[in-house]
Amino acid sequence: MPNEEINYPAGFMLADVARLMRVELDRSVAETGLDLSAGDIRALMNIARYFDGVRQCDIAKGMNVEPMTISAYLDRLESSHLVRRQADPRDRRARVVHVTDAAGLVLQQVQPMLAMVYENAMRGVATEARLCTEASLETARANLSRQRSLGNDVTRSSSL
């Protein structure tokens, strides 16, 4: 029997829901035969938002993950011919990532799966509550991203 005196934080519930949604998306994608994880799809969608390509470090910042994590996603996406990397003409140390035409077809396949996972997760939640939840999550993400960015800047400047 659960201990009612222990308050299970909303952040933990959010992490639980995110994990369960990733598991469900991975299952749906695997059933189609696509060899992609939820992380691969998230990276691909972030890259596809940029028409002129995006630097690897900016993908990592936008997704709030470490550069090594992005590198692993990009290795898999590149080997599947969904993205291509090329030298940044403004900074030869940096790489710019572009989606390929094949990526557009994959994203068309994945969009209905994402919608289905979301619908299953939000079944029974009123439209107004969904909109409020989405707006609140966007604000929370922006707040935490800003805090992380400021924290990284403080850490860097204090180590100089």
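Hydrogens, waters and symmetry mates play no part in the numbers below; they use all other heavy atoms, side chains included.
Of all heavy-atom pairs between Asp75 and Arg85, the closest is OD1-NH2, 2.6 Å. Annotation for Glu138 and Arg141: closest pair OE1-NH2, 2.5 Å, computed over non-hydrogen atoms.
Leu137 and Val117 fall into different hydrophobic clusters, where Ile, Leu, Val, Met, Phe, Trp and Tyr residues are linked whenever their side-chain heavy atoms come under 4.5 Å apart, directly or through other members. Val17 and Leu114 fall within the same hydrophobic cluster, where Ile, Leu, Val, Met, Phe, Trp and Tyr residues are linked whenever their side-chain heavy atoms come under 4.5 Å apart, directly or through other members. Val96 and Val83 fall into different hydrophobic clusters, where Ile, Leu, Val, Met, Phe, Trp and Tyr are joined by side-chain heavy atoms under 4.5 Å apart, directly or via other members.
Here Leu82 contributes atom CG and Leu105 contributes atom CG; the two are 9.5 Å apart, rounded to the nearest 0.5 Å. The CZ atom of Arg84 sits 10.5 Å away from the CD atom of Glu78 when rounded to the nearest 0.5 Å.
Using a distance-only test at 3.5 Å, with no hydrogens or angles considered, no donor-acceptor pair links the side chain of Ser80 to the main chain of Leu77. Under a 3.5 Å cut-off, the side chain of Thr69 and the backbone N or O of Val65 do not form any donor-acceptor pair.
For CG of Asp35, the number of neighbouring non-hydrogen atoms (other residues, nucleotides, ligands) closer than 6.0 Å is 12 at most. Surrounding CE of Met13 are more than 12 heavy atoms belonging to other residues, nucleotides or ligands, all under 6.0 Å away. A 6.0 Å sphere centred on CG of Asn143 holds more than 12 heavy atoms belonging to other residues, nucleotides or ligands. Residue Glu31 places its CD atom among more than 12 non-hydrogen atoms of other residues, nucleotides or ligands, all under 6.0 Å distant. Surrounding OH of Tyr8 are more than 12 heavy atoms belonging to other residues, nucleotides or ligands, all under 6.0 Å away.
A 4.5 Å side-chain heavy-atom check between Ser28 and Met116 finds at least one atom pair inside the cut-off. Between Tyr118 and Met21, the closest side-chain pair of non-hydrogen atoms falls below 4.5 Å. Residues Glu128 and Leu131 are not in side-chain contact: their nearest non-hydrogen atoms beyond the backbone lie 4.5 Å or more apart.
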Donor-acceptor pairs under 3.5 Å, side chain of residues 37-49 to any protein atom, not counting sequence neighbours: which ones?
{"residue": "Ser37", "atom": "OG", "partner": "Gly39", "partner atom": "N", "Å": "3.3"}
{"residue": "Ser37", "atom": "OG", "partner": "Asp40", "partner atom": "N", "Å": "3.0"}
{"residue": "Ser37", "atom": "OG", "partner": "Asp40", "partner atom": "OD2", "Å": "3.2"}
{"residue": "Asp40", "atom": "OD1", "partner": "Arg76", "partner atom": "NE", "Å": "3.0"}
{"residue": "Asp40", "atom": "OD1", "partner": "Arg76", "partner atom": "NH2", "Å": "3.0"}
{"residue": "Asp40", "atom": "OD2", "partner": "Ser37", "partner atom": "N", "Å": "3.0"}
{"residue": "Asp40", "atom": "OD2", "partner": "Arg76", "partner atom": "NE", "Å": "3.4"}
{"residue": "Arg42", "atom": "NH2", "partner": "Met63", "partner atom": "O", "Å": "2.8"}
{"residue": "Asn46", "atom": "OD1", "partner": "Arg49", "partner atom": "NH1", "Å": "3.1"}
{"residue": "Asn46", "atom": "ND2", "partner": "Arg42", "partner atom": "O", "Å": "2.8"}

Test side chain to side chain contact (heavy atoms under 4.5 Å, CB included) on Val106 and Leu36 and set out the steps.
CA-CA 10 Å; Val106 168; Leu36 297 172; 3.6 Å; yes

Please walk me through it: do Met113 and Thr32 pass side chain to side chain contact (heavy atoms under 4.5 Å, CB included)?
CA-CA 10 Å; Met113 290 180 241; Thr32 67; 3.5 Å; yes

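Electrostatic pairing of Asp88 and Arg55 counts as a salt bridge here, judged by a charged N lying under 4.0 Å from a carboxylate O. At a threshold of 4.0 Å, the pair Glu119-Arg130 counts as salt-bridged, since one of the basic side-chain nitrogens sits closer than that to a carboxylate oxygen.
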